[in-house]
Amino acid sequence: MHLNRRQLTASGLLAASALVLASLTGCAESSVSATAASAAARPIVVCTTTMIGDVAQEVAGDLADVHVLFGPTVDPHLFRATRDDVALLMRADLVICNGFGLEGYLEPHLKRVSETGIPLMHLAESILKNDEAMSDAGVVDPHVWMDASLWARTAPAIAKALTDALKPEAASLQTLNERAASVEQRLLELDAHSESVISSIPDHARILVTAHDAFRYFGRRYNVRVEGVQGLSTASEGGLRAIESLVDLIVESKIPAVFVESTVSSRNIKALVEGAGARGQAVSLGGTLHSDAPGDAGTYIRMVEHNVDTIAAALGGSTLREDEQPPHAESPQ
Ligand SMILES: [Zn+2]
């Protein structure tokens, strides 16, 4: 914003009168300036995805300003940083990325972050134990957030990274750890909810066909066979042969529905529907899943709830048991 001389004078006067007002009311002056000072001095935490940012925001509370680079509809495999994004990264006190190659085009900038001495956390890599990472043809699968029981571990992991990077005072440290424990608990409830909803799908119908291979951790955790037309990254192409063999699977297993993803082109999935239809197997579009960003679900928790409900509804399960409430629902008064 550029101000001309007249505006500068006017804003100067406004500031001066605010100071007079504040000094007249005594305590107001100190609280106004204290708020301004703490906002200005608050450390900056930059996260790549919303799935990371949601947890970091909840755990950090008012300890830091948490920024998310990838918007809710951004495909992280294809994201390219703007000059402002890079400037924000270089101002950060802590940067948290997913790792396992998810942030393909951002990696040179993350390397620079690390070389500059800014703490850089590879969150998904840091929470998995030796044999827990999934891979396909030697490429590690980065979509760890799809298993909420694994993602629950991000809360204490982020609390530790914040502690190391920001060195909060004892009182702040205690509330930080309390917040982390509560977020971890909520994510474990989300995991239990997901397991319960998916278990309502009949065994023979537990086959999830989607646009790209984002659901393998989900499939392992909740006992669903998953097939993606594209590979682990949307940067790879889904070949004609992949589509043909998936059409075979749909026809042989009488799969009732396939799914599009909000950040991925629906072209390949529509080809599956047409291919199966040509062989006499009516397969419907089961709905849009959020795989690599929460889309209109807005948050990580609502994204997972949306996915499990959509999958269960299309594959013959029930979306919500009567005795069960979703984790974010408020308890009745
Ligand atoms: Zn992906």
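Remember, it's 1-based here, ligands and their atoms both numbered in the order they're listed. Computation of the quantities below employed the complete heavy-atom set of this structure, encompassing side-chain atoms and omitting hydrogens, waters and symmetry-equivalent molecules.
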**Student:** Of all the N, O or S atoms in H143, which one sits nearest to the Zn ion (ligand 1)?
**Tutor:** NE2

**Student:** Parallel, tilted or perpendicular: which one describes the rings of H77 and H143, with boundaries at 30° and 60°?
**Tutor:**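 Tilted.
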
**Student:** Could you tell me which N, O or S atom of D292 is nearest to the Zn ion (ligand 1)?
**Tutor:**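 It is OD2, the N, O or S atom of D292 closest to the Zn ion (ligand 1).
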
**Student:** At a threshold of 2.8 Å, where the distance has to be below it, does the Zn ion (ligand 1) have an N, O or S atom of D75 nearby?
**Tutor:**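 No.
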
**Student:** Please tell me whether V68 and L162 are part of a single hydrophobic cluster in this structure, the criterion being side-chain heavy atoms less than 4.5 Å apart.
**Tutor:**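 No, no single cluster joins them.
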
**Student:** Test P76 against every option in L106, N98, T50, L102 by the side-chain contact (heavy atoms from CB on, under 4.5 Å) rule and name the one that passes.
**Tutor:** L102

**Student:** Can you run down the salt bridge (Lys or Arg N to Asp or Glu O under 4.0 Å) pairs that involve residues 201-216, sequence neighbours left out, and say none if there aren't any?
**Tutor:** D141-R216, D203-R206

**Student:** Check H77 and report its N/O/S atom nearest to the Zn ion (ligand 1), by atom name.
**Tutor:**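 Atom name returned: NE2.
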
